[in-house]
**Q** 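Here it is, the structure in full.
Below, chain A is the first sequence line, B the second, and so on; all start at residue 1.
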Amino acid sequence: MSANESYRKIWQQAALIPAGQVASYGQIAKLAGLPRRAARMIGRALGAAPVEMQLPWYRVVNAQGKISIPKGRPRFVQQCALLEQEGIEVRDGQLDMDKYRWDPSLDELIWGPGMLHDPSAEAGDN
DNA sequence: CGTGTGACTGACC
DNA sequence: AGGTCAGCCACAC
């Protein structure tokens with residue numbers, strides 16, 4: 001599998017993360033059908049994503065619920081802001097994974113198989 | 001073509 | 001709660 005192909009799958013999965021929720025790099029790797037070891041590649045893929053794609057890259061944090069971008073970089077501040085904008089409590093670059101972790105299977109349980117759920121519809125009020 | 005470097009993870013201490 | 005370590009792999013030099 002080419003790296004380019006992997007990127008495409010990664011972007012595809014990352015785009016599915018509902019507003020107000022987050023996923024870990026490993027989680028995206030798994031959803032994209034990639035080995036767990038590919039976790040590191042996720043960050044690279046997200047960074048390489050075209051801006052016009054409007055990918056919710058900021059909804060991806062590491063397995064500990066921490067923002068993996070080093071503090072001090074503009075991206076770090078931006079990620080915090082965007083997450084809080086969706087009602088996620090970010091404290092010192094860290095959030096509660098138990099609370100905000102996206103669970104695709106639970107998602108399906110609630111909305112039903114094949115049911116499309118538009119997160120943006122409820123992202124505004126809080 | 002060899003080496004170093006991360007937007008990582010799980011395991012251990 | 002923190003710190004370390006090995007495994008991984010695309011990419012830049």
Side-chain angles (χ1 to χ4, degrees):
Chain A
M1 187 192 304
S2 68
N4 215 297
E5 196 177 346
S6 298
Y7 278 24
R8 194 179 56 75
K9 289 183 181 175
I10 290 166
W11 293 336
Q12 197 173 319
Q13 293 305 316
L16 298 179
I17 308 172
Q21 294 180 58
V22 298
S24 75
Y25 294 92
Q27 191 179 349
I28 295 299
K30 185 181 170 187
L31 289 171
L34 300 166
R36 178 179 54 75
R37 333 280 198 248
R40 300 197 82 140
M41 194 163 50
I42 309 298
R44 181 165 292 286
L46 294 179
V51 224
E52 53 271 25
M53 187 177 277
Q54 294 190 264
L55 204 72
W57 57 270
Y58 55 90
R59 294 187 193 138
V60 185
V61 297
N62 72 21
Q64 285 74 46
K66 252 169 49 174
I67 287 174
S68 288
I69 301 171
K71 295 181 181 179
R73 291 194 190 172
R75 286 282 210 190
F76 177 90
V77 181
Q78 190 181 6
Q79 183 166 17
C80 290
L82 287 167
L83 287 174
E84 296 197 306
Q85 192 175 305
E86 295 186 345
I88 296 175
E89 306 165 56
V90 184
R91 205 186 118 86
D92 198 31
Q94 195 164 199
L95 55 84
D96 188 347
M97 280 304 266
D98 290 337
K99 191 171 177 180
Y100 299 111
R101 196 181 80 89
W102 173 42
D103 187 343
S105 62
L106 182 60
D107 206 59
E108 200 171 275
L109 198 61
I110 296 172
W111 299 99
M115 176 72 72
L116 270 70
H117 171 216
D118 183 1
S120 63
E122 61 187 67
D125 64 342
N126 41 281

**Q** Between Q27(A) and K30(A), is any pair of side-chain heavy atoms under 4.5 Å apart?
**A**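 Not touching, per the 4.5 Å side-chain cut-off.
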
**Q** In whole Å, what is the span from the CG atom of D92(A) to the P atom of dA1(C)?
**A**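 Nearest whole value for this atom pair: 13 Å.
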
**Q** Which is true for R75(A) with a 4.0 Å heavy-atom rule: it touches a base, it touches only sugar-phosphate, or it touches nothing?
**A**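 Base: the residue R75(A), judged by heavy atoms under 4.0 Å, touches a nucleobase.
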
**Q** Who is the Watson-Crick or G-U wobble partner of dA7(B), with both distances under 3.5 Å?
**A**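 Here dA7(B) is not engaged in any pair, so there is no nucleotide opposite it.
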
**Q** In this structure, how many angstroms lie between the C1' atom of dA10(C) and the OH atom of Y25(A), rounded?
**A**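 It is 16 Å, rounded to the nearest whole Å.
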
**Q** May I have the distance from L83(A) (atom CG) to dA7(B) (atom P), rounded to whole angstrom?
**A**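 One finds 17 Å between P of dA7(B) and CG of L83(A), rounded.
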
**Q** Just call it for P35(A): base, sugar-phosphate, or nothing, with non-hydrogen atoms closer than 4.0 Å on any strand.
**A**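 Here P35(A) touches no strand at all.
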
**Q** With no hydrogens and no angle check, just 3.5 Å: does a side-chain donor-acceptor pair link R8(A) and Q12(A)?
**A**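 Their side chains do contain a donor-acceptor pair, which is all the 3.5 Å distance test asks for.
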
**Q** Among the candidates dA7(B), dT9(B), dG7(C), find the nucleotide nearest to the side-chain atoms of Q64(A).
**A**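 Nucleotide nearest to Q64(A)'s side chain: dT9(B).
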
**Q** So what does G26(A) touch, heavy atoms closer than 4.0 Å: a base, only the sugar-phosphate, or nothing?
**A**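 It contacts sugar-phosphate atoms only.
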
**Q** Compare every heavy atom of N62(A) with every heavy atom of S68(A), then report the nearest pair and how far apart it is.
**A**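 Closest approach of S68(A) to N62(A), heavy atoms only: OG-CB, 3.2 Å.
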
**Q** From C-beta outward on R40(A), which listed nucleotide comes closest to its side chain: dG6(B), dC11(C), dA7(B)?
**A**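 Closest nucleotide among those given: dG6(B).
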
**Q** Ignoring hydrogens and angles, answer whether the base of dG7(C) and the side-chain atoms of R37(A) contain a donor-acceptor pair closer than 3.5 Å.
**A**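 No pair found.
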
**Q** With heavy atoms under 4.0 Å as the rule, sort S24(A) into base, sugar-phosphate or nothing.
**A**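 It contacts sugar-phosphate atoms only.
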
**Q** How long is the line joining CD1 of I67(A) and P of dC8(B), in whole Å?
**A**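 Answer to the nearest Å: 12 Å.
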
**Q** Could you give the CD1-to-C1' distance, from I42(A) to dA10(C), as a whole number of Å?
**A**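 Those two atoms, CD1 and C1', are 12 Å apart.
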
**Q** Take atom CD1 of I69(A) and atom P of dT5(B), then tell me their distance rounded to the nearest Å.
**A**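 Interatomic distance, CD1 of I69(A) to P of dT5(B): 20 Å.
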
**Q** NA contact type, Y7(A), heavy-atom cut-off 4.0 Å: base, sugar-phosphate, or nothing?
**A**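 The answer is sugar-phosphate, as Y7(A) gets under 4.0 Å only of primed atoms, P, OP1 or OP2.
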
**Q** Picking from I88(A), V90(A), I17(A), I67(A), what satisfies side-chain contact (heavy atoms from CB on, under 4.5 Å) with V22(A)?
**A**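 Running side-chain contact (heavy atoms from CB on, under 4.5 Å) over I88(A), V90(A), I17(A), I67(A) with V22(A) returns exactly one hit, I88(A).
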
**Q** Counting N and O atoms only, with roles assigned by atom type, does the side chain of Q79(A) sit under 3.5 Å from a partner on the main chain of Y58(A), one being a donor and the other an acceptor?
**A**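 Yes; at least one donor-acceptor contact below 3.5 Å.
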
**Q** Quick check for you: among dA10(C), dC8(B), dA7(B), whose closest atom lies nearest to any side-chain atom of R44(A)?
**A**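 Nearest to the side-chain atoms of R44(A), counting from C-beta on, is dA10(C).
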
**Q** Measure the distance from CD1 on I10(A) to P on dC9(C) and round it to the nearest whole Å.
**A**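 About 13 Å, once rounded to whole Å.
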
**Q** What is the distance from CG of L46(A) to P of dA10(C), rounded to the nearest Å?
**A**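 Distance, rounded to whole Å: 16 Å.
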
